[in-house]
Amino acid sequence: MVKMAQEVEVYPFKDIEPKWQRYWEEIGLFRMDPSSPKPKYYCLMMFPYPSSALHVGHGRNYIIGDVVARYKIMKGFNVLAPMGWDAFGLPAENAAIKGGLHPKVSTLQNINTMKRQLRSWGVGYDWDREATSCLPDYYKWTQWLFLQLYKKGLAYKKRAAVNWCPSCQTVLANEQVIAGCCERCDTQVTQKDLEQWFFKITDYAERLLDDLKILKDWPERVKIMQTNWIGRSEGVEIDFPVDGSDLKLTCFTTRVDTIYGATYIVLAPEHPYVEELIKDSEDRENILKFIDEARNESLIERASATVEKKGMFTGRFVINPVNGRRIPLWIANYVLMEYGTGAVMAVPAHDQRDFEFAKKYGLDIVVVIDNPKGHLEASKMQQAYIEEGIMINSHHFDGLPSQVAINKIADFMEEKDIGRRAVHYKLRDWLISRQRYWGAPIPIIYCKNCGTLPVPEEDLPVFLPENVRFKPTGDSPLKDVKEFVNIRCYKCKGPAKREIDTMDTFVDSSWYFLRYLSPKEEKRPFDTGLVNKWLPVDQYIGGIEHAILHLMYSRFIVKVLFDLGCVNFKEPFERLFTQGMIIKDGAKMSKSKGNVVSPDKLIERFGADTVRFYTLFIGPPEKDAEWSDRGVEGAWRFLNRVWRLAEQFVEYKDHRPHLGAEHPDIRHLGARQTTDHRPKDILRLRQKTHLTIKNVTEDMEGEFHFNTALSSIMELVNEIYDYVGSQLPAPSSQLKEAIETVIILLAPFVPHISEELWERLGNKGSIFKLSWPEYDPQALIQEINLVVQINGKVRSKVEVDSDSSDEKIREAVLSDAVVKKWTENKSPKNIIIVPKRLVNVVV
RNA sequence: GCCGGGAUGGCGGAACUGGUAUACGCACGGGACUUAAAAUCCCGGGCCCUUUAAGGGUGCGAGGGUCCGAAUCCCUCUCCCGGCACCA
């Protein structure tokens, strides 16, 4: 760590930073003005869960967002940059169970800590619009949202095998299970049969997929992840009559071209027909035992492709409807009830899983698609042939290419009514109930007479009782709160019970960006007029970890609201930016790993602007980056360098003596006199100034490559130092412009020091009231160095005017001494001139 | 296994639609200032060979190709990171 001698003169960030933070609040820099005629810009950061303290990794998100907001303010937009709190959730409740504070108390405390931290970073928000999801004025409307889905039939309760986290003592949505483990605590997830509330997101699968095309400014990888998660497959559902029974088994396949090669059918152990089908089997006991074992395999075992495929013959047969072949019916652990129909037609010759299974249990293998590169012999195959080919053993489809047959067979089946085209998705419905306390109560009551009833909207909110006993039981602690649970039915006035589960916090976060437009609204969740004016969000910024969860749920909820006529847009987020993580010692920062870098200490030592600068300079913001304390010092040095430069200029401006003997730096600068190139140097300085404006603006408008934007500004500062250092500069408009440009371009990144220097240079008012500078294309044109290559190798350079004709350039190049040396005795075959870049002489 | 993304000095990373590879910063070496240090300012640097100077060769994970010219385009391969993972 650095030693910081007290006597060293450094810029006074400790005075500057609070001063300007106060000033921005006073002038309401971040207060959105509803009556402004300026174009709107909704800049949204994913609202955080209020944990005890932020580290520099969290800071990256807010700093990036703050840079964007400040830049857009300078570009003349009416910027909306709100902030809120995703304040329900497990950690606060778990802390309470361990004997800590009540979740409400700890959450509100954490919010205060985080607000202080955000402020100390110089990150600005329109705090009048703050929304906190754990407060009744917010969750009232989360409950309202539930009721809307309920009314539309999009919220329903069903008994199902669900993911259960034994550590969190609650169910999880499919999206919250990562490789068979809980996304929060990494505990292995088990299966439980429970009655749970779901949102019918599967009804929106097609639209969630299709509308990804609208999202042009989303990272491709996020769209791909969502596409894969939705998992659309086109195929055919085929009915297989069970021999000696009225039952029909329907199988879904994407490879109907292989139907003639189906040699057996496999059912999932959970398939509803299993019981009926095996009731007369001699082997019934063993089959039931097998099913039981398969169902008890953990998710991780079931999900893993490497687990051994196991199955049992049911003793029954089904009829392949295309050829009348009687084929055996099996039950196997590798068939999933949740996907397709829970019954699969097996074609061992053309599916690797079926192939392995058939080999293991001695089932028939029939080739129906031949490899054009060499005839397939079922008995000799080492693995399934899954590619396209020529149809064989398939009656009148023989000889067709399989990719043609696939459609013809589907037509044929629809004609004969033995099958039909169908689309299936991997996406499952969203399980939203949680057996936990710290969430929005699900607004449902159960009446013995009237059944399941939604709480009337006028009775919202269903208040979350505060006086509860926290214990990890697997049931919501609300179960024991009698005055909460036991109520009268509003219909029959008889005794009724409230739903005791609360909602997944992802429901809270699926609509918060609408609440910001009218956070104090009491009569409705949001002001439709304002929301329609301000949405979609122009720029959304957050972590890649939400690529599927939050971002898909929000898209779903907005589409539901669109269908309800509550909003007039189909997608909530126009442009998405996902920033990378900050890594320390090779790992994500976390308390348990002990590698957390606290921003508070760094701000204390170097100031917020240094932390901001380094965080932005560390690398491209969408990529992960390794934190380096040394790098912070580099940022600190640079800001001091800017400070000294500007301070020096303040002295010029005032015509005060600037070569004071006491000040070694300036004495030194004055002492170095070289030949006077001033007119040329001044042009070069102006060129660099305008080139920097161009580069920085392009980085701001493009992919947010703030690291290169800052590099450009540093180059300009170096150029100014060179200019100032090589002569005794008289105050000039070009030098003034260069220094002012540095300060203005730096403003979105390091706002405190920029405001202060701007003021010290004699300007009034906030630097953010200026408009962003535009570059002068004329300033970029001047004499240029053309690189001269001989046969593609750099050998020399010539200086020419930027508007020289090719003829002139050719002349200049051929008369160059180095070129002459290399082309001696040879005449140039070809001379390639790349305008403003290089000349290649081919000999 | 499938689908993405990536590999550039000692390190983080630049390089516009193919056109001076290594900008900017960190670390390092040298110098100035200083009693000294810190801070600051200036200079230096891919690697190899040669050298008084200058110069030459080579170099963007590996190998090949297209082109006057390739980090960038094409083919083959290696490794790393992320997502999905028995989806029929």
Side-chain angles (χ1 to χ4, degrees), chain A residues 2-5 7-10 178-180 219-225 227-229 231-233 235 251-255 258 266 302-307 309 332-336 338-347 351-354 356-357 424-426 544 547-548 614 617-620 623-635 637-638 640-641 644 663-669 671-672 695 698 705 707-708 710-715 717-718 721-722 725 785-795 797 829-832 834-843:
Chain A
V2 271
K3 278 176 276 165
M4 273 256 299
E7 66 271 24
V8 174
E9 203 187 307
V10 294
I178 312 293
E220 207 54 40
R221 65 166 170 160
V222 173
K223 289 194 274 185
I224 289 168
M225 279 163 79
T227 303
N228 292 341
W229 189 261
R232 182 181 196 275
S233 292
C251 298
F252 174 70
T253 180
T254 54
R255 289 294 304 275
T258 64
V266 214
R302 280 291 287 280
S304 158
T306 55
V307 112
K309 291 168 184 47
N333 62 344
Y334 74 92
V335 179
L336 307 171
E338 303 85 68
Y339 184 76
T341 60
V344 175
M345 70 170 210
V347 185
D351 181 282
Q352 188 57 26
R353 287 159 306 185
D354 299 343
E356 286 165 25
F357 194 83
H424 283 265
Y425 299 92
K426 289 188 205 171
I544 186 72
I548 294 169
Y614 177 63
F617 185 66
I618 192 167
K623 282 201 193 152
D624 291 352
E626 171 81 29
W627 185 268
S628 142
D629 290 331
R630 291 287 195 182
V632 180
E633 292 167 40
R637 273 198 287 271
F638 172 72
N640 276 290
R641 202 164 140 84
R644 284 190 299 272
H663 205 307
D665 311 341
I666 291 177
R667 185 174 61 212
H668 171 73
L669 290 175
R672 284 184 67 246
N695 288 342
E698 281 169 4
H705 279 179
N707 55 328
T708 50
L710 291 172
S711 298
S712 305
I713 300 173
M714 289 167 113
E715 282 186 56
V717 169
N718 290 345
Y721 264 79
D722 279 354
N785 274 324
L786 278 185
V787 168
V788 181
Q789 296 182 331
I790 313 282
N791 291 340
K793 287 201 192 304
V794 179
R795 299 294 182 192
K797 280 173 198 175
K829 253 195 257 170
N830 196 2
I831 298 179
I832 292 143
V834 183
K836 293 178 189 179
R837 288 204 179 268
L838 58 66
V839 180
N840 189 10
V841 182
V842 187
V843 292

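Convention: sequence-line order gives letters A, B, ...; per-chain numbering from 1.
For the pair A/Met345 and A/Thr258, the minimum side-chain heavy-atom distance is below 4.5 Å. Between A/Asn695 and A/Thr708 the shortest side-chain heavy-atom distance does not fall below 4.5 Å.
Nucleotides B/G4 and B/G57 place their P atoms 42 Å apart, quoted to the nearest Å. The separation of B/A39 from B/C49, taken at their P atoms, amounts to 35 Å, rounded to a whole angstrom. Going from the C1' atom of B/C73 to that of B/C79 covers 23 Å, rounded to whole Å. B/A54 and B/G45: their P atoms are spaced 12 Å apart (whole Å). Taking atom P on both B/A27 and B/U76, the two are 44 Å apart, rounded to the nearest angstrom. Spacing of C1' atoms, B/A62 relative to B/A71, comes out at 15 Å, to the nearest Å. Atom C1' of B/A15 sits at a distance of 9 Å from the matching atom of B/U22, rounded to the whole Å. For the P atom pair drawn from B/U72 and B/U66, the interatomic distance equals 15 Å after rounding to whole Å.
Heavy atoms of A/Glu220 sit nowhere under 4.0 angstrom from any nucleic acid atom. Counting non-hydrogen atoms under 4.0 angstrom, A/Thr254 reaches the backbone sugars and phosphates but no base. Here A/Gly231 lies out of heavy-atom contact (under 4.0 Å) with every strand. Across all strands, A/Ile618 comes closer than 4.0 Å only to sugar-phosphate atoms, never to a base (heavy-atom distances). Heavy atoms of A/Asn840 sit under 4.0 angstrom from at least one base atom. A/Asn640 comes within 4.0 angstrom of no nucleic acid atom, judged by non-hydrogen atoms across all strands. Note on A/Val794: only backbone sugar-phosphate atoms sit closer than 4.0 angstrom, heavy atoms only; bases stay farther off.
Under the Watson-Crick or G-U wobble criterion, with both distances below 3.5 Å, B/G9 is left unpaired in every strand shown. Across all strands shown, nothing is found opposite B/A39 as a Watson-Crick or G-U wobble partner with both distances under 3.5 Å. The base-pairing partner of B/G45, taking Watson-Crick or G-U wobble contacts with both distances under 3.5 Å, does not exist among the strands shown. Nucleotide B/G82: paired with B/C3 (Watson-Crick or G-U wobble, both distances less than 3.5 Å). Nucleotide B/C73 has B/G65 as its partner under the Watson-Crick or G-U criteria, with both atom distances under 3.5 Å. Pair assignment for B/U34 gives none, since no Watson-Crick or G-U wobble pairing has each distance under 3.5 Å.
In this structure, A/Arg644 does not reach the B/A39 phosphate: none of its side-chain N or O atoms is under 4.0 Å from OP1 or OP2. Contact between the side-chain N/O atoms of A/Arg795 and the OP1/OP2 oxygens of B/G55 is not found at any separation under 4.0 Å. Checking the phosphate oxygens (OP1, OP2) of B/C41, a side-chain nitrogen or oxygen of A/Arg641 falls inside 4.0 Å. Side-chain N/O atoms of A/Ser233 include one lying less than 4.0 angstrom from OP1 or OP2 on B/A88. Between A/Arg221 and B/C81 there is no side-chain N or O to OP1 or OP2 distance below 4.0 Å.
Going from atom CZ of A/Arg255 over to atom P of B/A88 covers 11 Å, rounded to whole Å. In this structure, the CZ atom of A/Phe638 is 11 Å from the C1' atom of B/G25, given to the nearest Å. One atom, CD1 of A/Ile713, and another, P of B/A14, lie 16 Å apart when rounded to the nearest Å. The distance between atom CD1 of A/Ile790 and atom P of B/G55, rounded to the nearest whole Å, is 14 Å. For the pair A/Arg232 CZ and B/A88 P, the computed distance is 12 Å after rounding to whole Å. The CE atom of A/Met225 sits 11 Å away from the P atom of B/A85 (whole-angstrom rounding). The distance from atom CG of A/Asn718 to atom P of B/C24 is 7 Å, rounded to the nearest whole Å. If you measure from atom CD1 of A/Ile548 to atom P of B/G83, you get 9 Å, rounded to the nearest angstrom.
For A/Cys251 against A/Thr341, the heavy-atom pair with the smallest separation is CA-OG1, 3.6 Å. Contact between A/Asp354 and A/Val347 at its shortest, heavy atoms only, is OD2-N, 2.9 Å. Between A/Val335 and A/Ala343, the shortest heavy-atom contact is CG1-N, 4.4 Å.
Map A/Thr341 and A/Asn707 each onto its nearest nucleotide of RNA chain B; the residue landing nearer the 5' end is A/Asn707. Toward the 5′ end of RNA chain B lies the nearest nucleotide of A/Trp229, the other residue of the pair A/Val344 and A/Trp229 mapping further downstream.
Taking CD of A/Glu633 as the start and CG of A/Asn640 as the end, the distance is 12.0 Å to the nearest 0.5 Å. Taking CD1 of A/Ile224 as the reference point, atom CZ of A/Arg221 lies at 10.5 Å (rounded to 0.5 Å).
Closest approach to the A/Tyr339 side chain among B/A88, B/G19, B/G25 is made by B/A88 (side chain taken as heavy atoms from C-beta onward). Checking B/G19, B/A14, B/G25 against every side-chain atom of A/Ile832, the shortest atom distance belongs to B/G19. Of all nucleotides listed (B/C24, B/A14, B/A27), B/A27 comes nearest to the side chain of A/Arg637.
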- Go through A/Phe357 and A/Tyr334 one step at a time and tell me if the ring-ring contact (aromatic ring centres under 6.0 Å, His included) criterion holds. CA-CA 10 Å; A/Phe357 194 83; A/Tyr334 74 92; 5.4 Å; yes
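Counting only distance, with no hydrogens or angles, the side chain of A/Tyr614 and the backbone of A/Ser628 share a donor-acceptor pair below 3.5 Å.
Shown here, B/G57 is classed anti by the O4'-C1'-N9-C4 or O4'-C1'-N1-C2 angle, which is more than 90° from 0.
Side-chain atoms of A/Asn228 stay outside donor-acceptor range of the base of B/C84, with no qualifying N/O pair under 3.5 Å.
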